[in-house]
Amino acid sequence: MNRVYNFSAGPSMLPEPVLKKAADQMMSYEGCGMSVMEMSHRSKIFESIIYGAEDLIRELMNIPDDYYVFFLQGGASTQFSMVPLNLMNKNNKADFVITGQWSKKAFAEASRYGSTRKVASSEDTVFTYIPKLDKSMFDPEADYVHITHNNTIYGTRYTVLPDTGNVPLVADISSDVLSQEIDVSKFGLLYAGAQKNIAPAGVTVVIVKKELVGNAMDFTPVMLNYETHIKDRSMYNTPPAYCIYIMKLVLEWLKELGGVKAMQARNEEKAAILYDFLDSSDMFRGTVVKEDRSMMNVPFVCPTDELNAKFIAEATENGFVNIKGHRTVGGMRASIYNAMPREGVVKLVEFMKEFEAKNK
Ligand SMILES: *Cc1c(COP(=O)(O)O)cnc(C)c1O
């Protein structure tokens, strides 16, 4: 069986040992005679999966006890509505930093429920950088400040968190969750759709400080109220059971590799291999400012559209797939999430070197 090097931005590759284990357990999970897809979510055996996954996330991310962790459906995009419905509840105001399509969408959705403000934006250069932020820029009366921690499309990330004073910081960590150590206590709320770094599409992880929950807007639908899901520990209704099971396998794999600290070291090395080459190449170059470069999503271009198209076609033929850039950036994007082995990046760089030599 031939597996390709899959640089997709999402859904993206899963660790091979996880796929193998899931295949082994497909017909009968731990001797119970059925697949996880077929079992009652109210069964003891499924409880051990979902609560096991929660415990592992708490352990791997070092989540303090005064935070809830729960699993939802609707993707990260549903959080663009749930966050304002649940948190924009004191002064009905929120501040946003605009660093790409996802922050724009979060901003637009929140604007339907209250008074929102763009504190800073990097749209002037098509999001090639993270704006410089300081405390005086934020409204101390805002109910929260929203950032997109890693910008999947443009390939930037925050290397320092903004100081928002007493205003809770909310971050979309869909594309860098579990890729590097973060201090959860610095945030009011974190959310991540699963399909970049933790599971197939279908489950969203939410981590929220307990004191922020309990004041949803009156008209908030039951399913969009965090309290509903917290009360029933992610099982108010049928959860995306199979996704949660794969997530647990991914978390076990990550723990076995040494946890987030070890993964961060691996990711730093992988990103350095690719960026060092981009910086030394006469043909390929990265598209964002150096100090804000993402470790997960690496956009790059050749000098002409013809060369970009040629590179993408030849890369695909050679087993480096889903490397075409987002339509708003053009060129290429290599997404090198946790599951991408070092070898995949090394092989890609070798291929880029050959391409450069042949097309001088
Ligand atoms: C992929 C992505 C989203 C959208 O996720 P869905 O699960 O498709 O709603 C939002 N934010 C970021 C940072 C993403 O990478």
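In each ligand, atom 1 is the first atom listed, and ligand 1 is the first ligand listed. Keep in mind it's a predicted model, so treat the numbers as computed, not measured.
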Ligand 1 atoms in contact with Gly75 (distance to a heavy atom under 4.0 Å): 7 (O), 9 (O)
Geometric cation-pi criterion, Lys210 with Tyr68: 6.0 Å, 45°: yes
Mutual orientation of the aromatic rings belonging to Phe300 and Phe311 [parallel < 30°, tilted 30-60°, perpendicular > 60°]: perpendicular
Polar proximity ligand 1 side, Thr152 side, N/O cut 3.5 Å exclusive: yes
Aromatic plane relationship, Tyr154 with Phe127 - under 30° parallel, 30 to 60° tilted, over 60° perpendicular: tilted
Nearest protein heavy atom with distance in Å, relative to atom 11 (N) of ligand 1: Asp172 OD2, 2.6 Å
Distance from atom 14 (C) of ligand 1 to nearest protein heavy atom, with residue and atom: Lys196 NZ, 2.9 Å
Proximal ligand 1 atoms for Ala76, defined as those under 4.0 Å from one of its heavy atoms: 3 (C), 4 (C), 5 (O), 6 (P), 7 (O), 9 (O), 10 (C)
Minimum heavy-atom distance Ser77-Trp102, with the two atoms named: OG-CZ3, 4.3 Å
Nearest-contact summary for atom 9 (O) of ligand 1 - protein heavy atom, Å: Ser77 OG, 2.6 Å
Contact (N/O only, under 3.5 Å) between Phe80 and ligand 1: no
Phe320 six-ring centre to Lys347 NZ/CZ under 6.0 Å and within 45° of normal: no
Min N/O separation Gln195 to ligand 1 under 3.5 Å: yes
Any side-chain heavy-atom pair of Asn151 and Val288 under 4.5 Å: no
